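Working notes, beginning with the structure itself.
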Amino acid sequence: MPHILKQTSLKKFNTFGIDSVASQLVEVSNNQEIKEAIRLGRELNLTPFILGGGSNVLLTLPSYPFVILNKLKGIKKIAEDDDFVWIKVGAGEVWHDMVLHCIDRGWGGVENLSLIPGTVGAAPMQNIGAYGVEIKDIFESLEAIDLESLEEKDFSNSDCKFGYRESVFKNELKGKYFITSVQLKLAKKHVVNTNYGAISEVLNSEGIGIPTIKQVSDAVIKIRQSKLPDPKDIGNAGSFFKNPVIDVDHFVELKKSYPDLPSYAQPDGRVKVPAGWLIEQCGWKGCKEGEIGVHKNQALVLVNYGQATGDEIANLSSRVKASVMEKFKIEISAEVNII
Ligand SMILES: Cc1cc2nc3c(=O)[nH]c(=O)nc-3n(C[C@H](O)[C@H](O)[C@H](O)COP(=O)(O)OP(=O)(O)OC[C@H]3O[C@@H](n4cnc5c(N)ncnc54)[C@H](O)[C@@H]3O)c2cc1C
């Protein structure tokens, strides 16, 4: 039987540091325990809430009746040829530990995704991405348990329907599966991706011409540590909103009033604009209202100064969203899962 804790504060289990309570917190470390936990939840008529590292959730309820904490561990090499290595990783492994494990062994492809918080199992949920790379670029497949039938199922890269901070698990299969392991395909012959401006700037400043994957990882870590607030110091869940994609006509119109509006052309002819820039233009950057606020260096990051409730942050996010709509006629949507 899995380990169950009663009336446990979730404050240290979510990076926003919201002090909600789990009436029952069930730690699972293998598929059998997951199935037992789900059966137990069913007997008690409680819907499980699956929690990984809690770095992409905003807890808005004072208490959650039945929380399953993912502790499935293990990193295994399952195949290799001259060019590639295939690994299978337990969903409860810490993402960054897995990245370092790969870099230590000379397996490339994950280095740009260094230092992203959270677990391996949650990474496909929103197709985590940073510095020009997304998990979909190295993702082979995943295994998951159907929460209804308790059957185990494989999902290929195309089954996951990855998009920008999207997958099938955030849409039509939302709340239907527990992801138990992820398989990645990593390169032995590296082609590093340093196209992202900030990475090449750091490497150039250190006089590194042809970087190793370790040097790219170190550069990414350095940039992230200088740009993003550490949840250990101040509660946050990274980027709260996704960057919106707008029609080209809308973009051309906005550009007349806001010539500095940054933009990224999309393959479908539309234009992605940075949500952080839009929020900053609305005057939110650095604002502080009691226990909540918008980070002083990064307008995309909403913060908990210590004692905020999830509701207060959700309310702030609605006001930020409404002001962007009013000023730019652009709808921004949350990247963070509001639970
Ligand atoms: C400082 C900071 C920086 C960040 N930077 C980035 C970044 O650069 N790029 C990026 O993409 N993200 C970033 N994030 C967001 C976050 O790190 C990722 O989304 C991460 O993958 C979340 O993992 P987690 O284990 O913490 O998920 P959790 O927050 O625990 O869960 C997220 C959602 O997935 C569900 N879930 C979790 N595990 C499973 C599972 N095994 N099976 C089924 N459902 C599950 C949960 O129920 C929840 O709905 C950042 C967050 C922070 C705090």
Side-chain angles (χ1 to χ4, degrees), residues 10 13-18 28-29 31 34 37-38 47-60 64 66-73 89-99 112-136 142-147 153 155 160 162-171 173-182 196 198 220-221 223-243 295 297-298 300-304 334-339:
L10 292 172
F13 295 106
N14 72 102
T15 60
F16 255 125
I18 304 294
V28 291
S29 40
N31 286 13
I34 294 173
I38 295 166
T47 310
F49 161 41
I50 302 166
L51 192 57
S55 64
N56 203 21
V57 287
L58 176 62
L59 305 179
T60 56
Y64 293 82
F66 196 70
V67 179
I68 305 185
L69 189 63
N70 175 10
K71 292 280 178 191
L72 275 75
K73 298 288 184 188
V89 190
E93 285 285 345
V94 172
W95 174 266
H96 183 59
D97 291 350
M98 185 276 297
V99 169
N112 292 44
L113 303 177
S114 296
L115 212 60
I116 296 182
T119 55
V120 168
M125 295 288 299
Q126 71 152 5
N127 183 24
I128 58 163
Y131 303 100
V133 173
E134 292 175 327
I135 190 178
K136 76 165 171 41
L142 64 76
E143 291 173 347
I145 294 177
D146 183 328
L147 295 176
K153 191 180 164 187
F155 289 81
C160 292
F162 290 125
Y164 164 61
R165 299 296 179 275
E166 287 292 349
S167 77
V168 72
F169 302 103
K170 270 187 107 172
N171 293 295
L173 298 184
K174 189 173 173 166
K176 301 237 180 287
Y177 283 90
F178 192 125
I179 297 169
T180 54
S181 70
V182 174
Y196 220 86
V220 168
I221 290 171
I223 299 162
R224 293 184 71 96
Q225 285 174 337
S226 70
K227 270 181 53 178
L228 290 166
D230 186 338
K232 286 195 200 99
D233 304 326
I234 182 164
N236 76 90
S239 304
F240 196 91
F241 297 100
K242 297 199 282 189
N243 293 320
H295 194 258
N297 300 331
Q298 176 51 271
L300 207 46
V301 178
L302 305 189
V303 296
N304 171 12
E335 176 180 318
V336 171
N337 299 279
I338 300 172
I339 313 260

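Fair warning: this is a prediction, and the values are worked out from it, not measured in the lab. Whatever order the structure lists ligands and atoms in, that order sets their numbers, starting from 1.
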Subject >> Non-hydrogen atoms of Arg165 and Ile128 that approach each other most closely >> reply: NH1-C, 4.2 Å
Original post:
In terms of the angle between their ring planes, are Phe155 and Phe169 parallel, tilted or perpendicular, with boundaries placed at 30° and 60°?
Top reply: perpendicular
**OP:** For ligand 1, note which part of Tyr177 has a heavy atom under 4.0 Å away: side chain, backbone, both or neither.
**Re:** backbone
Subject >> For Ala123, atoms of ligand 1 separated by under 4.0 Å from a heavy atom >> reply: 21 (O)
**OP:** Record the part of Asp230 in heavy-atom contact with ligand 1 below 4.0 Å; permitted values are side chain, backbone, both and neither.
**Re:** neither
Original post:
Which of these, Ile116, Val301, Ile179, has its nearest heavy atom closest to atom 40 (C) of ligand 1?
Top reply: Ile179
Subject >> Test applied, side chain to side chain contact (heavy atoms under 4.5 Å, CB included); reference residue, Leu58; option that passes from Val336, Leu302, Asn337 >> reply: Val336
Subject >> Options Ser55, Ser181, Gly52, ranked by nearest heavy atom to atom 22 (C) of ligand 1, top entry >> reply: Ser55
Subject >> Interatomic distance, Ile18 atom CD1 to Asn304 atom CG [nearest 0.5 angstrom] >> reply: 4.5 Å
**OP:** For atom 46 (C) of ligand 1, find the nearest protein heavy atom and state the residue, atom name and distance (0.1 Å precision).
**Re:** Ile50 O, 3.1 Å
**OP:** Output yes when the distance from some N or O of ligand 1 to some N or O of Arg224 is under 3.5 Å, and no in every other case.
**Re:** yes
**OP:** Search all heavy atoms of Ala144 against all heavy atoms of Tyr177 and return the closest pair with its distance.
**Re:** CB-CD2, 3.8 Å
Original post:
Got the closest protein heavy atom to atom 21 (O) of ligand 1, with its distance?
Top reply: Ile128 CG2, 3.3 Å
Original post:
In Å, rounded to the nearest 0.5 Å, how long is the span from CD of Gln298 to CZ of Phe240?
Top reply: 14.0 Å
Subject >> Close approach of Arg165 to ligand 1, heavy atoms, under 4.0 angstrom >> reply: yes
**OP:** Just let me know how Asn70 lines up against ligand 1, side chain, backbone, both or neither, with a heavy-atom cut-off below 4.0 Å.
**Re:** side chain
Original post:
Which of the listed options, Asn56, Asn127, Ile135, Val220, holds the heavy atom that is closest to atom 29 (O) of ligand 1?
Top reply: Asn56
**OP:** Drop me the distance from Phe13's CZ to Leu69's CG, to the nearest 0.5 angstrom.
**Re:** 5.5 Å
Original post:
Does Ile339, backbone or side chain, put an N or O under 3.5 Å from an N or O of ligand 1?
Top reply: no
Subject >> Residue and atom name of the nearest protein heavy atom (relative to atom 1 (C) of ligand 1), distance in Å to one decimal >> reply: Asn236 OD1, 3.7 Å
Original post:
Looking only at heavy atoms, what is the nearest atom pair of Gly90 and Val120, with distance?
Top reply: O-CB, 3.9 Å
Original post:
Atoms of ligand 1 less than 4.0 Å from Gly118 heavy atoms?
Top reply: 23 (O), 24 (P), 25 (O), 26 (O)
**OP:** Could you find the nearest protein heavy atom to atom 24 (P) of ligand 1 and give me its residue, atom name and distance?
**Re:** Gly53 N, 3.4 Å
Original post:
Hey, is the main chain of Glu93 close enough, under 3.5 Å, to the side chain of Asp97 for a donor-acceptor pair?
Top reply: no
Original post:
In terms of atom number and element, which parts of ligand 1 are under 4.0 angstrom from non-hydrogen atoms of Gly54?
Top reply: 24 (P), 26 (O), 28 (P), 29 (O), 30 (O)
Original post:
With only distance considered, is Ala237 within less than 3.5 Å of ligand 1 through an N or O on each side?
Top reply: no
**OP:** Closest by any non-hydrogen atom to atom 20 (C) of ligand 1: pick that one out of Gly92, Ala122, Pro117.
**Re:** Pro117
**OP:** Give the minimum heavy-atom separation between Gly54 and Leu51, together with the two atoms involved.
**Re:** CA-CD1, 3.8 Å
Subject >> Where Val301 and Pro229 come nearest, the two heavy atoms and their spacing >> reply: CG1-CG, 3.8 Å
**OP:** Indicate yes or no: does an N/O atom of Thr15 lie under 3.5 Å from an N/O atom of ligand 1?
**Re:** no
**OP:** Taking the side chain as every heavy atom from C-beta outward, state whether Leu115 and Val220 have any atom pair closer than 4.5 Å.
**Re:** no
Original post:
For ligand 1, is any non-hydrogen atom under 4.0 Å from Val57's backbone (N, CA, C, O), its side chain (CB onward), both, or neither?
Top reply: both
Original post:
Short list, please: which atoms of ligand 1 are under 4.0 Å from a heavy atom of Gly129?
Top reply: 7 (C), 8 (O), 9 (N), 10 (C), 11 (O)
**OP:** Check each atom of ligand 1 against the heavy atoms of Gly238 and keep those under 4.0 Å away; list them by number with element.
**Re:** 2 (C), 3 (C), 51 (C), 52 (C), 53 (C)
Subject >> Over all atoms of both residues, closest heavy-atom pair of Ala237 and Ser55 >> reply: CB-O, 3.5 Å
Original post:
In terms of atom number and element, which parts of ligand 1 are under 4.0 angstrom from non-hydrogen atoms of Leu51?
Top reply: 30 (O)
Subject >> Any Trp95 heavy atom less than 4.0 Å from ligand 1 >> reply: no
Original post:
Of Leu142, Leu72, Ile145, which is the lone residue that meets side chain to side chain contact (heavy atoms under 4.5 Å, CB included) with Ile179?
Top reply: Leu142
**OP:** For residues Ile221 and His96, determine if any side-chain heavy atom of one lies less than 4.5 Å from a side-chain heavy atom of the other.
**Re:** yes
Original post:
Could an N or O of ligand 1 be found under 3.5 Å from any N or O of Ala130, whether backbone or side chain?
Top reply: no
**OP:** From atom 10 (C) of ligand 1, work out which of Met125, Gln298, Lys170, Gln126 has a heavy atom at the shortest distance.
**Re:** Gln126
Original post:
Measuring from Tyr164:OH to Gln126:CD, what's the distance to the nearest 0.5 Å?
Top reply: 9.0 Å
Original post:
Among all protein non-hydrogen atoms, which one is nearest to atom 32 (C) of ligand 1, and what is the separation to 0.1 Å?
Top reply: Asn337 ND2, 3.7 Å
